[in-house]
2 protein chains.
Amino acid sequence: MQNKDRPSRRITAAQVAEAAGVSRSAVSRAFTAGAYLDRAKREKILKVAQELGYRPNALAAGLQAAGRSDLVAIVTGDLVNHYDAEILARLVQSLRGLGKWPVVLGGHEDLREEDVLGVLGYPLDALILRGGSVAESVALHCAKLNIPMILSGRVMTAPGVDCVCCDNARGAAMAVRALVARGRRKLGYLGGVPHLSSDQDRRTGFEAALAEEGLSPAVLAHADYSFEGGYAAARDLLAGGAEIDGLFCANDAMALGVMAAARQEGGLSIPEDLSIIGFDDISMAAWPGFDLTTVRNDMDQTVSQILRLLSARLEAPGKDNEVAWIEPELILRGTH
Amino acid sequence: MQNKDRPSRRITAAQVAEAAGVSRSAVSRAFTAGAYLDRAKREKILKVAQELGYRPNALAAGLQAAGRSDLVAIVTGDLVNHYDAEILARLVQSLRGLGKWPVVLGGHEDLREEDVLGVLGYPLDALILRGGSVAESVALHCAKLNIPMILSGRVMTAPGVDCVCCDNARGAAMAVRALVARGRRKLGYLGGVPHLSSDQDRRTGFEAALAEEGLSPAVLAHADYSFEGGYAAARDLLAGGAEIDGLFCANDAMALGVMAAARQEGGLSIPEDLSIIGFDDISMAAWPGFDLTTVRNDMDQTVSQILRLLSARLEAPGKDNEVAWIEPELILRGTH
DNA sequence: CAGTTATGTGAACACGTGTTCATAGCATTC
DNA sequence: GAATGCTATGAACACGTGTTCACATAACTG
């Protein structure tokens, strides 16, 4: 039916060669920096190529030098969480700086493990996994395929797997000490999904720091990391008559929800009636009207460490796995 | 230096064939649904493949049947804008439903046109471009490469380019009428980047609707689509003594910033002293504490239209270009 | 001038797949 | 029993590129 030279096919180097009256090799060389090629010839080829709209097929090129496809998969957390969205933006930008192309997965609630495994069909330079519960299974497959994996927000010990993680327990302890220093004694913890290690670490850090002060938790609750979840949890706590004067939340979004509920449903003043500290330091936390005291889980550091580990791994694929710890920092604003 | 059969190379179909004692063709057939292959043989091959951790190389497979690489590039807007982040999340999820892999670009302020052109090196099934100012130039290159392009948030007439766009002027008019119905007469417009057509359309729609009511704009200002920008703009307006009783903002983030500034810097009550209406209806607009009246730029509809146009284009590459209009909807909450 | 080195060039190969082609065995049909 | 159709299989090809190889030619060097 269709012509053999149907225009819907992409222009190929051979066609450029024919049009320019040179060999196909010359065309390839024209697009390869530092290749031996007569200057005038190269210019002519590039001109013809531009006219025809030719561009070397990256798929074919990637097939060539196995082990450098320049594709990097990113499995991101739910983008409704602003922390994940901001991390992703920085990650995409930085990867481009390294000449890599990011293939993005996830970003919504229900990430299918099947999809993550599917992307491994591509000879990825690396897989960057943010948090998530599928890490173990994915790491196994990555190992067999010799695809480096970088885990962010969690620690895992496996060959070829590097990790970037915030010292969650320490961050939680900083929050506790700040609350205690303000005279708060009846402290609660509002966690997220309990089976995530980051949540567990923040909770145990909270409890340990509390114990050091000779205190015990007044409340241990959990929601779903969302503003709405934090709002609902706080409303339930207030309705249940929970007596707390300070609340440490496992992320900023929930903390903001708690603030809204405390003010609107409970008629409380913050921080007079209730101190609140969040975690992450998303850009929203600094907004006037929120002015949230929080534990910074530094995004710039996280991303730059991810990129450092990535570069190191690409340079020495067999090197020992490494864990880069991000030091939390307490950002004092107006809610504690 | 390194062994020819060094383990750092990906397992290939030929190796599986040798290990299973079959031909390489058989291995390929084992992974191809509906191919003639003895059932026992297929099972054996799949078993050996799993043991070796073999997975067909998607790059080589994509090279095979030209025109179906299953790669789709998404050029997203700044992910600090929650609207773009939420759209991206939905887009990524939906594309996976179509079996496509999204390569994501942008997400930050300074998108380099060079990057967008670079991704065209891959034989993309399509390029999805959100807003942006690089559309014309990119469309030209896409046309030459026969890569379908879908533009969202803007309209452009070019062969092979389909568009999804909100009726911005109509949305602005809805906001104006709602404000006038509330008795507001001194209305201002706070726009975003003035050279974007979406901003222009919202502004002209604002002015036209105002003219229909026999009014003229009290203020025409603009910021950068961010909360901080909205805050600063509102502060300046207040300091400059601008007399307005209603403000229509070109997106929700700025509207929220304006609210914060009006309350904190100007001591104003909303909506008693100043009515505010935003645009987009990001999830944050519904948060208690904000409760922002806004013009919904429906994300689900936008994404589903993008996917519909994508499917149609893939099915019939030569079909006429199409523009899908999204009808804006006024969401009445507490700030107008 | 002979000898070495640097520069150009096209043919051929390799990358790893999906698919066509030709062939063969086997079962079913008339 | 011959003819037909279906299933199964390996060899060979095509996809589009980067790079090596072999071989020229030109430019230096002593």
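A note on names: the letters A, B, ... follow the listed sequences, proteins ahead of strands, and every chain is numbered from 1. Side chains included, hydrogens not; waters and symmetry mates left out as well; all remaining heavy atoms used.
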Subject >> 4.5 Å side-chain heavy-atom contact, A/I150 and A/L129 >> reply: no
Counting only heavy atoms not in B/E51, do more than 12 fall under 6.0 Å of its CD?
yes
To the nearest angstrom, the CG-P distance between B/N57 and D/dC15 comes to 19 Å
Sorted by chain and residue number, the ring-ring contact (aromatic ring centres under 6.0 Å, His included) partners of A/Y83 (sequence neighbours excluded) come out as none
So CD of B/E86 and CG of B/D300: to nearest 0.5 Å the spacing works out to 10.0 Å
Discussion item. For a quick test of reading the model: is some side-chain N or O of B/T12 closer than 4.0 Å to OP1 or OP2 of C/dT17?
Written reply: yes
Between the CE atom in A/M149 and the CG atom in A/L309, the distance rounded to the nearest 0.5 Å is 13.0 Å
> Per the atom types in the model, does the base of C/dG8 pair as donor or acceptor with the side chain of A/R42 at under 3.5 Å?
Replying inline: no
Check every strand shown and say whether A/S28 touches a base, only sugar-phosphate, or nothing at a heavy-atom separation below 4.0 Å. base
Rounded to whole Å, CG of A/D70 lies from C1' of D/dG18 at a distance of 14 Å
To the nearest angstrom, the CG-P distance between A/L145 and C/dG16 comes to 13 Å
Taken to the nearest whole Å, CZ/A/F31 to P/D/dT19 is 14 Å
B/R55 CZ to C/dT17 P, in whole Å, measures 12 Å
Between CG of A/L63 and C1' of C/dC15 the distance, given in whole Å, is 4 Å
Its contact letters, B for base, S for sugar-phosphate only and - for none at protein heavy atoms under 4.0 Å, make nucleotides 5-10 of chain D read --SSBB
So CG of A/L91 and CG of A/D84: to nearest 0.5 Å the spacing works out to 11.0 Å
B/R24 CZ to D/dA14 P, in whole Å, measures 15 Å
